[in-house]
Engineer: 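Please see the structure below; I have some questions.
These numbers come from the heavy atoms of this one structure, side chains and all, not from hydrogens, waters or symmetry mates. Order of the sequence lines fixes the chain letters, A, B, ..., with proteins taken first and strands second; residue numbering starts at 1 for each chain.
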There are 2 protein chains.
Amino acid sequence: MQTAREIHAAVSLRGEDTRQRLLEVALDIFGQHGFDGASTREIVQRAGANLTAIPYYFGSKEGLYVAAAEYMVTDCLRRMTPAMERTLREVQDPRLSHSELIHHLCDLLDDFAAVLMGPQMPDNWSVLFAREQMQPTAAFDKISVAFQPFTSVLQEMVGRILGQSADDRDTRLRVLTLFGQVLIFRTNRATVLRLMNWQEFGEPQLRAVQIVIRKQVTAILAKSS
Amino acid sequence: MQTAREIHAAVSLRGEDTRQRLLEVALDIFGQHGFDGASTREIVQRAGANLTAIPYYFGSKEGLYVAAAEYMVTDCLRRMTPAMERTLREVQDPRLSHSELIHHLCDLLDDFAAVLMGPQMPDNWSVLFAREQMQPTAAFDKISVAFQPFTSVLQEMVGRILGQSADDRDTRLRVLTLFGQVLIFRTNRATVLRLMNWQEFGEPQLRAVQIVIRKQVTAILAKSS
DNA sequence: GTCTATAGTCGGATAGAC
DNA sequence: GTCTATCCGACTATAGAC
């Protein structure tokens with residue numbers, strides 16, 4: 001027989017579980033149809049929850065949207081954390097050579113590409129992310145803040161490699177173009193697949209992309225320039 | 001007094017005008033709210049047309065969407081055409097030096113950036129474009145076909161500069177990363193503005209971007225690499 | 001915490017007059 | 001070609017029982 005506390009705990013667990021499933025399904029559907037196009041009915045149906053669970057847990061459809069976006073960036077960052085911590089450790093040594101620094105930077109970008117292109121990053125997430133870039137909503141702040149540590153690391157490394165401040169305008173522009181070279185394989189996937197005659201974006205494709213990016217980053221940051 | 005033919009011509013003109021206004025407004029609103037979120041009532045209201053004009057001219061809401069996407073790429077290409085024709089003319093000379101070729105390529109990318117970032121390219125257009133990239137609809141084919149000449153030119157030039165075939169896999173990947181370096185300033189505008197501490201994307205900002213891209217493209221395609 | 005029932009709004013499409 | 005009127009389905013949010 002259950003005590004009152006155990007019953008309450010069980011109920012809470014069930015509630016947390018419902019909340020979680022709603023977040024996951026909502027993220028998928030908001031990405032697919034956009035905020036306006038997404039139907040709360042479809043969300044609760046696929047999540048196996050009741051329609052009124054959305055106002056109950058998230059206040060409103062908009063609250064659910066913001067929570068889903070937050071869930072997405074948290075998950076992305078969690079998968080980027082190991083690579084970032086490794087890089088921070090490697091870079092602590094102040095006597096690293098120019099080419100060693102470039103090597104560590106390329107490793108970090110490799111992992112970044114792997115997270116972006118990997119099967120763990122559903123297309124629908126990217127769509128939601130892209131939409132927030134061009135039409136920021138309340139969710140954009142959460143996205144932006146969460147990604148700041150990552151750009152900081154890149155600025156530090158690029159600045160050090162180029163022998164200029166991490167906050168230098170040129171440094172920041174360079175970081176953005178580095179991002180761009182990786183991101184296009186995500187944001188313009190349809191064009192990439194068509195131009196490359198690829199049917200899917202799997203392991204071999206990721207490898208090819210990583211190789212080209214390494215070549216280009218090395219050339220861009222080479223000492224002669 | 002008007003003849004029957006003149007009256008008919010006037011009506012046709014009015015019809016064409018309504019059609020045109022619907023296209024322009026539809027493009028803006030589809031970009032802003034997505035296909036599902038866009039309201040035909042809002043479109044006709046802002047276009048000063050009647051609700052039934054959409055089924056009449058475009059068959060359905062979906063027909064209007066495809067027509068609007070087609071209208072967008074036609075307009076973009078029209079603005080890119082002068083630069084492309086100039087480049088094709090410049091590149092005809094088979095004795096161009098390595099650095100001259102790079103120079104012409106940079107000029108083309110400059111114009112590409114100007115079209116992408118310029119005030120003539122509304123944010124909402126980019127959003128529609130981005131959505132089609134990740135969730136292609138019937139409109140994607142029209143977009144894709146229209147842009148093919150542009151990628152062809154880039155493949156030709158990059159291949160020639162690197163001394164390899166225009167259809168080489170490495171050539172195509174290089175072209176994509178070149179695109180990426182420019183496109184990120186469009187597709188991730190919110191992140192760009194925040195990282196650069198820019199309030200808007202005007203003439204000076206465009207200039208700064210063009211300078212960095214020239215530097216990087218030159219480094220990437222330098223003979224030593 | 002979860003459910004049913006329902007209110008109130010807005011969506012796209014069509015019929016038919018002019 | 002343009003308009004009014006209308007159908008009917010889908011939407012979010014809420015009240016209130018359990």
Side-chain angles (χ1 to χ4, degrees), chain A residues 2-68 137-139, chain B residues 2-68 137-139:
Chain A
Q2 293 182 306
T3 67
R5 170 173 292 172
E6 279 167 350
I7 289 171
H8 184 260
V11 168
S12 292
L13 274 180
R14 194 150 62 100
E16 263 315 299
D17 193 50
T18 301
R19 203 186 131 91
Q20 187 71 13
R21 286 200 320 278
L22 277 174
L23 278 179
E24 286 165 13
V25 173
L27 185 48
D28 191 46
I29 294 189
F30 277 128
Q32 196 162 47
H33 296 103
F35 180 79
D36 295 310
S39 149
T40 55
R41 286 177 151 83
E42 189 184 349
I43 293 173
V44 294
Q45 191 186 354
R46 273 188 33 193
N50 189 272
L51 186 57
T52 52
I54 289 173
Y56 181 76
Y57 284 110
F58 304 98
S60 66
K61 182 186 182 181
E62 194 181 334
L64 174 58
Y65 176 78
V66 175
T137 71
Chain B
Q2 293 182 306
T3 66
R5 170 173 291 174
E6 278 167 351
I7 290 171
H8 183 261
V11 168
S12 293
L13 275 179
R14 193 149 64 101
E16 263 315 300
D17 192 51
T18 301
R19 203 187 132 91
Q20 186 70 14
R21 286 200 320 278
L22 278 173
L23 278 179
E24 286 164 15
V25 173
L27 185 48
D28 191 47
I29 294 189
F30 278 128
Q32 196 162 47
H33 295 101
F35 180 79
D36 295 309
S39 150
T40 54
R41 286 180 153 84
E42 189 184 349
I43 292 173
V44 294
Q45 191 187 352
R46 271 188 34 195
N50 188 271
L51 185 57
T52 52
I54 290 174
Y56 181 76
Y57 284 109
F58 304 98
S60 67
K61 182 185 183 183
E62 195 182 333
L64 175 58
Y65 177 78
V66 175
T137 71

Engineer: What is the distance, rounded to the nearest whole Å, between atom CD of B/Gln45 and atom P of C/dC10?
Structural biologist: 12 Å
Engineer: Who passes side chain to side chain donor-acceptor pair (under 3.5 Å) against B/Arg46, sequence neighbours left out?
Structural biologist: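 B/Arg46 satisfies side chain to side chain donor-acceptor pair (under 3.5 Å) with B/Asp28 only.
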Engineer: Whole angstroms only, please: what is the NE2-P distance between B/His33 and C/dC10?
Structural biologist: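 Taking atom P of C/dC10 as the reference, NE2 of B/His33 is at 14 Å.
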Engineer: When you look at CD of A/Gln45, are more than 12 heavy atoms from neighbouring residues, nucleotides or ligands closer to it than 6.0 Å?
Structural biologist: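 No, because the 6.0 Å sphere around CD of A/Gln45 holds 12 heavy atoms or fewer from other groups.
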Engineer: Is any side-chain N or O of B/Asn50 closer than 4.0 Å to OP1 or OP2 of D/dT4?
Structural biologist: yes
Engineer: What is the distance, rounded to the nearest whole Å, between atom CD1 of A/Ile43 and atom P of D/dC11?
Structural biologist: 11 Å
Engineer: Give the ring-plane orientation class for A/Phe30 versus A/Phe35, where under 30° counts as parallel, over 60° as perpendicular and anything between as tilted.
Structural biologist: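 Ring orientation of A/Phe30 relative to A/Phe35: parallel.
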Engineer: One character per nucleotide, please: for nucleotides 11-18 of chain C, 5' to 3', B when the base has a protein heavy atom closer than 4.0 Å, S when only the sugar-phosphate does, - otherwise.
Structural biologist: BBBBB---
Engineer: B/Ile43 versus B/Leu64: any side-chain heavy-atom pair under 4.5 Å?
Structural biologist: yes
Engineer: Under 3.5 Å, side chain of B/Lys61 to main-chain N/O of B/Ile54, donor-acceptor pair present?
Structural biologist: no
Engineer: Please state how far atom OH in B/Tyr56 lies from atom P in D/dT2, giving the value in whole angstrom units.
Structural biologist: 7 Å
Engineer: Report the distance from atom CZ of B/Arg19 to atom C1' of D/dG1, rounded to the nearest whole Å.
Structural biologist: 14 Å
Engineer: Compare all side-chain heavy atoms of B/Tyr56 with those of B/Asn50 and state whether any distance is below 4.5 angstrom.
Structural biologist: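 B/Tyr56 does not reach B/Asn50 side chain to side chain.
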